[in-house]
Amino acid sequence: VAEHSAEGDCWIIINGKVCDVTQFLVQHPGGARPILKKAGKDATKVFDSVGHSKDAIEMVTSLCVGELKEESEPAQES
């Protein structure tokens, strides 16, 4: 996800879902800047704190390209 952190290739993570928001940047009512600040990163806290509408939440779901896999814990040394 971190590799997708530019205006022409912008992915964010919201609630464990990976979303390709590249095409949405120009449509975002708040402008591209708030999204670009979190490009390639987890934007869940910012997204939730804004209080997005039900429509916005559904839109994000439609932009989902996958789910973030939890990394397995490193092996313990004995």
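The structure places SG of Cys64 at 10.5 Å from CG of Asn15, a figure rounded to the nearest 0.5 Å.
A 4.5 Å side-chain heavy-atom check between Pro34 and Val46 finds every atom pair outside the cut-off. Counting only heavy atoms from C-beta outward, the side chains of Val21 and Trp11 never approach each other to under 4.5 Å.
Within the structure, salt bridge (charged side-chain N to carboxylate O under 4.0 Å, His left out) contacts touching residues 49-65 (residues at least two apart or in different chains) do not occur. Judged as a salt bridge (charged side-chain N to carboxylate O under 4.0 Å, His left out), the pairs with a partner in residues 2-20 (not counting sequence neighbours) are, in order, Lys17-Glu67. For residues 28-41, the set of pairs meeting the salt bridge (charged side-chain N to carboxylate O under 4.0 Å, His left out) definition, not counting sequence neighbours, is empty.
Residues Ile35 and Ile57 are members of one and the same hydrophobic cluster, defined by side-chain heavy-atom contacts under 4.5 angstrom among Ile, Leu, Val, Met, Phe, Trp and Tyr. Both Ile12 and Met59 belong to a single network of hydrophobic side chains, linked directly or stepwise wherever heavy atoms of I, L, V, M, F, W or Y lie under 4.5 Å apart.
Residues satisfying the side-chain contact (heavy atoms from CB on, under 4.5 Å) test with Val60, not counting sequence neighbours, are Ile14, Cys19, Phe47. Partners of Asp42 according to the side-chain hydrogen bond (donor to acceptor under 3.5 Å, both in side chains) rule, which considers only residues two or more places apart in sequence or in another chain, are Thr44. Applying the side-chain contact (heavy atoms from CB on, under 4.5 Å) criterion to Ala56, with sequence neighbours excluded, gives His52, Ser53.
In this structure, Cys10 and Leu25 approach most closely via the heavy-atom pair CB-CD1, 4.0 Å.
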